[in-house]
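I have placed the structure first, in the form of structure tokens, so that the comments after it can refer back to it.
Remember, it's 1-based here, ligands and their atoms both numbered in the order they're listed.
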Amino acid sequence: MSDPALDGIPCIWMRGGSSKGAYFLASDLPQDRAEIDDVLLRVMGSPDPRQIDGIGGADPLTSKVAILSPSSRPDADVDYLFLQVFVDKPLVSDAQGCGNILAGVGPAAIERGLVTAADGETAVRIHMVNTGEVAVARVSTPGGRVSYAGDASIDGVPGQHAAVPLLFKGLAGSMTGGAMLPTGNAVDVIEGVDCTLIDMGMPIVVMRASDFGITGQESREALDADTALKERVETIRLKAGPMMQLGDVAEKSVPKMTLVSEPVLGGVISTRSFIPHRCHASIGVFAAVSAAVACTLPDGPASTLAQLPKDGRFRVEHPSGAAEVLLELDERGAVTAAGTVRTARKLMEGRVFPAPRRS
Ligand code: NQM
């Protein structure tokens, strides 16, 4: 019987988009969810603000896990369960997906033998277990091997890498019961603040930055240091959770809280996202899709500030630049498909050794 603390667990440490995570095969982890959570906390070094005894990077964006397994459905090649390992709390949450870590799933599935690569490019159909949808990722595979080299760049990540185009359908109400606007309204007033409660792949609450007395152009560090602002945002989040059919969200990483302002870089809208207790260095993929769609609503905090594009390319501005989201709309303005381009890179492959259980 193997002991993970002695023998280690096979793992790929991968940058996916503007996040980093540990990619595992489900068959290398315990079966029981509570045991998986326990092992992952010990792998990442949580709870500890520095994650000093684990591989987590002391930031929610680098304390992420993808668990891959052969697909359980005929319309997909691989199952992907995303888990957010909290940094400073003994919590692991499956209450959200993650589009950045998704960018590494195609490459990791090929590297670990779950998907056979074609010569040139390989389309990998990924069943996102958290939300039940299927995304299609296109992975560069010259000679039948994953290549991370290329000339695509994304804001928030230095350098250029192989593009990983991602295509999504059926994102509405991914975690909130199937409706894009879980309350049926484009605007709900919570604690006196106009909010759009929306889920197009990620449940988010969109609010005007100016309603919090800020410009919306502040740095991540400045916003993280603003405890009064964060307390106000959290009060609204705790009320929005049950309204979005997410139940009590005190110990969940959703909904994300998105403060919007007028674009300043020629994009559609400017954002600062709390995920949910720290400000994002950029913005999540599905959070960007949800924010872009909020801009298309006839009412709401985003729609009054947005500069809508004519070509379906929604550049969602964030603290380190902008993320481009492609939206396909039907004649009634409903979103029929969404897409984006990310990059990913394998950083390390080997065995990870979880810390011993704490007494
Ligand atoms: O919204 C961070 C990230 C994310 C999530 C977070 C993401 C998404 O940037 O799809 O990618 O919101 O916790 O990794």
Side-chain angles (χ1 to χ4, degrees), residues 13-23 44 46 56-66 80-89 91-105 126 128-131 133 135 137 154-157 164 166-168 171-172 174-176 198-206 220 223-224 233 237 241 246 249 251-259 271-294 314 316-326 338-345:
W13 186 235
M14 178 96 84
R15 175 181 63 74
S18 52
S19 290
K20 267 194 284 207
Y23 291 67
M44 288 294 173
S46 297
D59 186 309
L61 299 173
T62 56
S63 185
K64 296 181 172 250
V65 169
Y80 152 52
L81 173 69
F82 171 74
L83 295 174
Q84 179 71 51
V85 180
F86 282 58
V87 174
D88 49 6
K89 294 184 187 160
L91 286 178
V92 178
S93 174
D94 63 7
Q96 68 166 96
C98 178
N100 273 306
I101 291 300
L102 172 70
V105 169
I126 301 165
M128 302 183 286
V129 174
N130 304 75
T131 57
E133 279 110 31
I154 55 175
D155 287 351
V157 178
V164 182
L166 299 169
L167 185 73
F168 315 114
L171 293 179
S174 70
M175 302 293 293
T176 57
I198 185 167
D199 175 1
M200 274 302 282
M202 181 67 75
I204 69 169
V205 178
V206 181
R220 178 189 202 200
L223 294 174
D224 271 344
V233 168
R237 195 180 81 84
L246 293 166
V249 294
E251 300 205 330
K252 290 188 183 155
S253 55
V254 284
K256 313 288 177 183
M257 306 301 280
T258 309
L259 302 182
T271 63
R272 295 292 182 269
S273 301
F274 288 89
I275 57 167
H277 303 125
R278 285 196 64 185
C279 181
H280 202 304
S282 53
I283 188 169
V285 169
F286 291 117
V289 175
S290 294
V293 175
F314 287 67
V316 179
E317 298 178 11
H318 55 64
S320 34
E324 189 170 282
V325 170
L326 294 170
T340 191
V341 172
R342 300 271 90 190
T343 66
R345 201 169 79 78

Given 3.5 Å as the limit, does a donor-acceptor pair link the side chain of S282 with the main chain of S320, or not?
no

Less than 4.5 Å apart, side chain to side chain, heavy atoms only: is that true for M202 and V254?
yes

If we only count heavy atoms from C-beta on, is the P255 to L246 side-chain gap below 4.5 Å?
yes

Measure from every N or O atom of ligand 1 to the protein's N or O atoms and keep only the pairs below 3.5 Å, writing each with atom names and distance to 0.1 Å.
unit_1: ligand 1; atom_1: 1 (O); unit_2: V285; atom_2: N; d: 3.4
unit_1: ligand 1; atom_1: 1 (O); unit_2: F286; atom_2: N; d: 3.2
unit_1: ligand 1; atom_1: 1 (O); unit_2: A287; atom_2: N; d: 3.1
unit_1: ligand 1; atom_1: 9 (O); unit_2: S19; atom_2: OG; d: 3.4
unit_1: ligand 1; atom_1: 9 (O); unit_2: N100; atom_2: ND2; d: 2.7
unit_1: ligand 1; atom_1: 9 (O); unit_2: H280; atom_2: NE2; d: 2.6
unit_1: ligand 1; atom_1: 10 (O); unit_2: G99; atom_2: N; d: 2.7
unit_1: ligand 1; atom_1: 10 (O); unit_2: V285; atom_2: N; d: 3.2
unit_1: ligand 1; atom_1: 10 (O); unit_2: F286; atom_2: N; d: 2.7
unit_1: ligand 1; atom_1: 11 (O); unit_2: G99; atom_2: N; d: 3.2
unit_1: ligand 1; atom_1: 11 (O); unit_2: N100; atom_2: N; d: 3.0
unit_1: ligand 1; atom_1: 11 (O); unit_2: N100; atom_2: ND2; d: 3.2
unit_1: ligand 1; atom_1: 11 (O); unit_2: V285; atom_2: N; d: 3.2
unit_1: ligand 1; atom_1: 12 (O); unit_2: K256; atom_2: NZ; d: 3.4
unit_1: ligand 1; atom_1: 13 (O); unit_2: K64; atom_2: NZ; d: 3.4
unit_1: ligand 1; atom_1: 13 (O); unit_2: K256; atom_2: NZ; d: 2.9
unit_1: ligand 1; atom_1: 14 (O); unit_2: S19; atom_2: OG; d: 2.5
unit_1: ligand 1; atom_1: 14 (O); unit_2: K64; atom_2: NZ; d: 3.1

Could you tell me the separation between the CH2 atom of W13 and the NZ atom of K20, rounded to the nearest 0.5 Å?
6.5 Å

Residues at least two apart in sequence or cross-chain that pass salt bridge (Lys or Arg N to Asp or Glu O under 4.0 Å) with R220, listed by chain then number, are D59

Output yes when a side-chain donor or acceptor of R342 lies under 3.5 Å from a complementary backbone atom of L102, and no otherwise.
no

